[in-house]
Structures are given as C-alpha cells and as structure tokens.
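A short write-up of the structure that comes next.
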There are 2 protein chains.
Amino acid sequence: MASNRPGPNLSRIAASLGVSVATVSNALSGKGRVSAELGERIRATASALGYVPSQAGRALRTGRSGVLGLVLPDISNPLFPQIAQAMEYAASIAGYGVLIADSRGDVARQTEAINRLLERGVDGMIIVPRRGTRIADIGCPVAVVDTPSTPGNTVSADHWQGGRQIAKYLHDLGHRDFLLLGNNPASNVQNDRIGGIKSALDGSSRVEVLWIEKIEERDGAGCPLGLADKARDGFTAFAAVSDLPALRALTELQRAGVSVPGCVSVTGFDDLIWSPVVTPALTTMRMDMATIAEIAIAALVEAIEKRAPGETSEDELLSGIRRIVTATVSRVPMQLIVRQSSGPAKPGKTDPSDGELPK
Amino acid sequence: MASNRPGPNLSRIAASLGVSVATVSNALSGKGRVSAELGERIRATASALGYVPSQAGRALRTGRSGVLGLVLPDISNPLFPQIAQAMEYAASIAGYGVLIADSRGDVARQTEAINRLLERGVDGMIIVPRRGTRIADIGCPVAVVDTPSTPGNTVSADHWQGGRQIAKYLHDLGHRDFLLLGNNPASNVQNDRIGGIKSALDGSSRVEVLWIEKIEERDGAGCPLGLADKARDGFTAFAAVSDLPALRALTELQRAGVSVPGCVSVTGFDDLIWSPVVTPALTTMRMDMATIAEIAIAALVEAIEKRAPGETSEDELLSGIRRIVTATVSRVPMQLIVRQSSGPAKPGKTDPSDGELPK
DNA sequence: AACACTTGATTAAACGATTAATCAGTTGTT
DNA sequence: AACAACTGATTAATCGTTTAATCAAGTGTT
C-alpha cells in the first residue's frame, strides 16, 4: 500500500505546504528564486519530516551518482586501511560516497573490477595501481595515486624525498654501510624510495639492495634472508622500503642474536599498524595520507563538476588522450618517525654481545 | 548536444530494432513474454551496442540501489583488508556493490557513518561492531558480524572453538602454564577466544590473562609488558588473542633473549599479513572470511529480495523489533595454522641459553 | 461460428529530483 | 500611462528503467 521507499519526498513536502515541488526543490538547493520567508518555512518542514533526498532520483536526472570508486589492485596491502580511511573521509567531506573494488591481486581482473565500478555509475575513480600498471583510458575521470616519477600520477607521497630523508638520518647517525630491502623491483614506489636513499649517499657509503621476491623465488616463501651474515659483513643500516620487510628484518636479526639498535639499525616505510608496538618500536617514514586523499579527491571532484553537461565535443578530444586528472600539488612530503629501532652506528666490527640497551 | 550519459539506453536499442522499450526490457530481464527469436535479436544488438543498464534508472523505479554498506567502526583494524576483500567479492558475485563507511574509531560517529550510507540508499548493511556496541534499529536489513555469543550476531568465526583448538594444540605439546594476552576486556571476540582457551584447559594448567590496554593506561602506549619476567616465572605458552599482541610478545621476548620456540611458544589469532614472514613465523588461528562473507551477504540479500514491494504492514511489525538478519549457519570454524613460533614445552625451568634451533 | 485461451507485443504510468520555460504580479523608468 | 525589468512562484518535460494493463492476432474447443 504505502510507497516502497520510506520517508517523505519532495512532493509530500510540497503538498503539506500547498506549494509546488519545483519551489521546494529550489528552496532546498538554493538555486531558483524563492522568497526568504517561504524558503525558511520549506526548510523547516523538510527537516521536521526528516526529508532525505533520493540519490536515485537525483542521479537519474543529473547523470551523476555522487559515488567514487576506489580501486586497490593489491587489496591485501597492509596500507589499505590507511588509504581507505583517508579516501572515505575526504570523499564524505566533499559529499561523495566510496565504492570499493578489488581485483584480488590479479592484474587481469583489474579491468573487470573497474568495469564493475563503471556499471554502477561512479562519477570518478581513485586508482592505486599495482606495481606500475599503466591505467588505460576508461570512461570517467581518474585520479592515480602512485609515485611522482610515474607518468600520469595525480598525487602521491614524495617517496624519493622520503628516501633521502631516512638516508640522511641514518648517515648523520654515523652509518656508512647500507643494506636496502625491497620486495619487487617492478614497483615504482619502491624504486623511488631506493633511488632517494641512494641519491642522498655519496661515494663515502656502501649500498647494497636485496630484492626479497627474487630470493624467495629461489628459496621459497618465508625463507631466511641471511641478514645476520650481512651484519657480520659490516652492514649496520638495514633500511627497508616498507614496514613489512623491515619487520621481517627485525625479527630475523633478533632471532639470530643481533641486537637492534645496539649492533644494527632497522628502519621501514609507511608506519603500519604494528610499527609502534613491536620491540624495539620501528623507526619509519610516514605518508600523509589525509593530505594525499584530500588532494586526489579535490582534483577528481573538480574534474567531475566542471564538466557542464553537453561538452561532448571537448570531451571526445580529451577522452582519446587521457581522462586522468592532475593536481597542482602532486607530491606530499613524508615524515620521519624516530623510534627505538635505530641508533648511532657502532664503530668497528659488529659484536653480537654488546648493546643490550634495555627498554 | 549529445546525451550526457555515454552509451545506449533501452530506447536506443528499441529504436534500432523498431520495437518498444518494454519489449527490450522484457527480453533482457527475461520476465515478460517475448518470442525466442526476437529475444535473441534484442540481446545481440544490446551487446553489440555495448548496452549497460543505468543503475540510477533502475534504482529509481525498483527502489533498490544494488549497493550494500560496509561499516567497520574500527577501520584501522588490521583485519580490514581481509574483511573488505571477502565482502566485496561475495557481494559482487551476488550482483551488489559495496560502499564503505568509517567512523574513525569514534563510537559516536558510528551513527553518522550509518546515516551517510542510508542517505546513499544502500539496500542493506554489514556491520562489524566495535567492541560489543549494540546495533540500534536502522532503516534497512543488517547483518552483524561479531561473535556467536553476542545477541543479534548474524554470522562470525567460532572464536570459542578457535580458543579451544589452540589451547588443545598447546596442551598436547606439553604446555601447562599459559599466559593469555588480550587488548581490551570489552571485546566480545577477545573474551570468547579467551573463554574457549580456558574451557579447554582443566585444572591441571595455570592460566593468567594480561589485558594490554590496562597496562598501557598505567605505563603509556608501547610500554614493555614484562613478558621476560613471566617466562622466568614459568609460563611457557604465550597465547595472544590476536596477531598484533602476539607479534608484540614475540619481539619483546626475543629482544629480552628468550628464545621462541626454544624456551616459550607464542601464538596468535587471525593470520594477519605479517604472520608468515616474521622470524619465527607465527602459529595462529585463521578465520574463514570467505565463508563468513558469503553467509552474511546471502542472508542480507535474501532479506532484501524477499521483501516484495508494499509489505509495509509486516514490515512495521518487524521494524519495531529488529531488522537484523539471521543465517542458518552462524558460526564458522577456525583453522589452526602451525608455523615455527610454537613447539614442545621444555620441562623444568626456562633457560635463556638453550633451544636455538636455527631451522 | 461463437467463445475462451494463449502468445507476443505495445501503451502508459510510475519512481523522485532537477530545470528551462512560463506566468502573474509588483516595482521602476520615462 | 505605457512599457520594461524584476520577483516569486508554477508548469511541464526529462533522465532510464520497470511493470501493470491492454490489445491484436492466432489457436483450440464446442
């Protein structure tokens, strides 16, 4: 009997005040011409009746759903909570909802996930690409959050600068022998971080890079990385390009009796959930996700809302080239978080028996 | 000039075949009466033109958006990637999209987040409540994923059984002195896990519970938990109710020179991302998120789709009481993942110098 | 041949909001 | 006084889909 959608609609408000729906719509959107007095009365009864505009009706008419898609091809990424939280917050401030899409780590299914979002009529998408995948042209504005060195990147943390900063910090502590730990050399983010670290270290330092996935291909997943041997070889700074390999390094070294930070220092990137609670707590570089999300969403929303209906001519021109939005600020500085896993480099050979600073 | 939504709509297909839109709609949905031959022709041209139905139009007409809301009040929870991934997958199979909502850990903002979802017209929601928050009646079907002991729980892992299982495993290894590590006693999930563990240990074992947040209230966040002292007191099994405290215990013990699993065993819950890669890799209990998500989504979808339009009478009856959906299977078994952080209990006093099995 | 069914299609009315076009008054200008 | 300009409101069309109601034609029964 009753209408299947709960709550009042525009016409119910209009009827209860004896005015037309158009006037109610105008009053609530503030667009047409409505007298101040009537406008006030309309707003009052609208909120009294608990009016909630129907997104479906609005979407149908305006052609905009008010929803953005968030594509994280590597959803198992421990950064996901941070990203999702920041994006959802920034989007909700801008009046948008966030629809998630997952391609279960499979690069081929990334397209499928994107299509699902398009079918749901998202107005734009935020894509955090997996390992430098290039984003093909899709039918809506896209913000790409990867790394500044990637062509087409909209906004991201300044991974290179982050690398320089952690390198400088360790160098200032006296470290001259750096073992860098990465997962996969195909990752633009990891390469930038490593590039930044290397660029900050002049010829006075020794730098070696260990790619974990390559080692695992040979020795199996979860295999030991032989870091204690590296410590014996004189490496004192174990700088991982993410907190996951940093944690791996920390536990492997600890297990082998190498004291951290007594003998060697271990640092990470991203300030993941566990970094403050492990012992010793992890020194790391944090991304300013809130700012990154804010910029990405703002750029996206601008691209969505500036396109007045019926600009297909210019649109066609753009779509052939790219629909990837740009932002004036595209690199957001990273922040050094100093905790207990890093300390002054011990002069001379590493001695597993010293440096047990308790606490 | 051109229509602002790209791609063809029903009427374009209808026009190009010289039939009515209703016939096209019937053919594509398979609902009305259409001759087999024409139906085939319609489907062919629809896919040839790349027809994608407008969710907005459909939503407006049917009153259903095809979108579910996912509410995770504690989004910084490291389980989030697992949950989001599983839910999104199960939902996409059922033809639904997933809109995320975050209340930034703030219990008060949970209502706000739920309202945002309602305003976007979600057809139902999955709520993973924060620490036993009771879900008030909201305007749509809700699936609650918490713990079987919570009233109103739709489906969840069988945390109690998981506790029994890990306890039995450790007991069989010879452990008799258990230190259980939890974060917060207000969490139903953690209490159930602890309850399960305790229930599996008869009088022959010593069991003590450490609530980390209580210790941190006194000593500050990230403070040492004094676990090495506990090991000295004779505790050999450190069973945490989540992998985060387990990792904390592991690193704190290692740092203090207590060998794991040589001197003591450490176990966790949830099989979080880092569990396989730390040294020693963490023995833990895994939830079957895929199954949980499948059940939750199925129950939700059934509640959504069974409600024929205009059942407000019965609806009113229900809404006053509860709109929380139920599933026939409400507890999903957990799975023991044995890795290297657990081993046989050493008889006699703990000696920090032994048990360095280098794998 | 008159009638009832079935089949295959069309017509038309929603769903709820937005907005261009229009209209009736009122005020202002010359 | 006549006309323009402005104000405050209404009318009506539109977005794309679904679906109940209707209709025309063919089939079968008596």
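In the text below, chain A, chain B and the rest are named by the order of the sequence lines, each starting its count at 1.
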Quick one: [X] [atom1] to [N] [atom2], roughly how many Å, whole number?
| X | N | atom1 | atom2 | result |
| --- | --- | --- | --- | --- |
| A:R64 | D:dG16 | CZ | P | 15 Å |
| A:I13 | C:dA17 | CD1 | P | 8 Å |
| B:R12 | D:dT17 | CZ | C1' | 15 Å |
| B:Q55 | D:dC15 | CD | C1' | 15 Å |
| A:E119 | D:dG16 | CD | C1' | 16 Å |
| A:I42 | D:dG8 | CD1 | P | 13 Å |
| A:L10 | C:dA17 | CG | C1' | 6 Å |
| B:L28 | D:dT18 | CG | P | 8 Å |

**From D:dT17, C:dA17, C:dC15, nucleotide with atom closest to B:L60 side chain** = C:dC15
Pick out the pairs of N or O atoms, protein on one side and nucleotides 4-13 of chain C on the other, that lie under 3.5 Å.
| from | atom 1 | to | atom 2 | distance (Å) |
| --- | --- | --- | --- | --- |
| C:dG8 | N7 | B:R33 | NE | 3.1 |
| C:dG8 | O6 | B:R33 | NH2 | 3.1 |
| C:dA9 | OP1 | B:S35 | OG | 3.1 |
| C:dA9 | OP2 | B:S35 | N | 2.4 |
| C:dA9 | OP2 | B:S35 | OG | 3.1 |
| C:dT10 | OP1 | B:S20 | N | 3.3 |
| C:dT10 | OP2 | B:S20 | N | 3.1 |
| C:dT10 | OP2 | B:S20 | OG | 2.7 |
| C:dT10 | OP2 | B:T23 | OG1 | 2.3 |

**Request:** Please identify each residue that fulfils side-chain hydrogen bond (donor to acceptor under 3.5 Å, both in side chains) with A:S35, with sequence neighbours left out.
**Result:** none
**Asked** Does a side chain donor of either B:N153 or B:T150 reach within less than 3.5 Å of an acceptor in the other side chain?
**Response** no
